[in-house]
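A short write-up of the structure that comes next.
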Amino acid sequence: MAKICLSPNQALEERLSNMHEQLAGATSRLDQTERELDLERATREDIIRAEVERRMAEAEKRIREEVESEFADERAMKENPKGAMPGMLLFQEIYAVEEMIKPFFGSCKVKGKNPERWLTYVLYHIKDTKEEDLYKLLPEFWEDIN
């Protein structure tokens, strides 16, 4: 091949033209890389956002279940205060019954009557006693047969 002789100006212009082409190619590659990075960044953000939403939904569900469980326990205790001890009185109920019966026991002692026998008699007969005759079960009116 024959070498073409270029003038110094032409050689500089050709070099400048090549540099412009290389710069345009590099700019094009840079733009393409930026678009790819933006797409990857958006995809990662979507993945992260979806994961955060999933974890928040799980946490919300777990908290809701815990709260509902606590409320269910409270509701169950209100509906059935004997709770885990069916057929048995709770301590507070036993104490309340004891506080109600103490005056009757005191009255039995003052009247000289056996409190245990009186209470046994009352518990045995109270369901068969008419409402207007309930006063007869009080220690003052009860007569110990034995």
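Every heavy atom of this structure was used, including side-chain atoms; hydrogens, water molecules and symmetry mates were not.
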message: Does atom CD (Glu36) have a neighbourhood of more than 12 heavy atoms from anything else shown, all under 6.0 Å?
response: yes

field: Value rounded to 0.5 Å, distance of CD in Glu140 from OH in Tyr135
entry: 12.5 Å

Val122 side chain reached by Leu138 side chain, heavy atoms, under 4.5 Å: no

- prompt: Should Arg62 and Glu58 count as an ion pair when the cut-off is N to O under 4.0 Å?
  reply: no

- prompt: Are more than 12 heavy atoms from other residues, nucleotides or ligands located less than 6.0 Å from atom CZ of Arg55?
  reply: no

query: Leu123 and Met100: same hydrophobic cluster, using ILVMFWY side-chain contacts below 4.5 Å?
result: yes

message: Parallel, tilted or perpendicular: which one describes the rings of Trp142 and Tyr121, with boundaries at 30° and 60°?
response: tilted

query: Is any side-chain heavy atom of Glu65 closer than 4.5 Å to a side-chain heavy atom of Ser69?
result: no

query: Going only through I, L, V, M, F, W and Y residues with side-chain contacts under 4.5 Å, is there a path from Val110 to Phe141?
result: no

field: Residues Arg35 and Gln32: side-chain donor-acceptor under 3.5 angstrom
entry: yes

task: Give a yes or no on whether a salt bridge exists between Lys136 and Asp133, defined as a side-chain N under 4.0 angstrom from a carboxylate O.
output: yes

- request: Look at atom CZ of Phe104 and say whether more than 12 heavy atoms of other residues, nucleotides or ligands are closer to it than 6.0 Å.
  value: no

- line: Between the CZ atom in Arg117 and the SG atom in Cys108, the distance rounded to the nearest 0.5 Å is 11.5 Å

- request: Verify, without hydrogens or angle tests, whether Ser28 (side chain) and Ala24 (backbone) share a donor-acceptor contact under 3.5 angstrom.
  value: no

- prompt: Can you tell me how far OG1 of Thr129 sits from OH of Tyr124, rounded to the nearest 0.5 angstrom?
  reply: 11.5 Å

query: Can you list the steps and then say if Asp38 with Arg41 is a salt bridge (charged side-chain N to carboxylate O under 4.0 Å, His left out)?
result: CA-CA 5 Å; Asp38 286 343; Arg41 190 178 303 115; 2.7 Å; yes

- request: Answer whether the closest heavy-atom distance between the side chains of His20 and Leu16 falls below 4.5 Å.
  value: yes

message: Taking the side chain as everything from C-beta on, heavy atoms only, tell me whether Val67 gets closer than 4.5 Å to Arg64.
response: no

Interatomic spacing from CD in Glu143 to NZ in Lys111 - rounded to 0.5 Å: 10.5 Å

- prompt: Quick one: do Glu53 and Arg49 make a salt bridge, cutoff under 4.0 Å?
  reply: no

- prompt: Do Gln10 and Glu14 get their side chains close enough for a donor-acceptor pair, meaning under 3.5 Å?
  reply: no

- prompt: Would you say the side chain of Asp46 lies within less than 4.5 Å of the side chain of Thr43, judging by non-hydrogen atoms?
  reply: no

- prompt: Met19, Leu30: one ILVMFWY side-chain cluster at the under-4.5 Å cut-off?
  reply: no

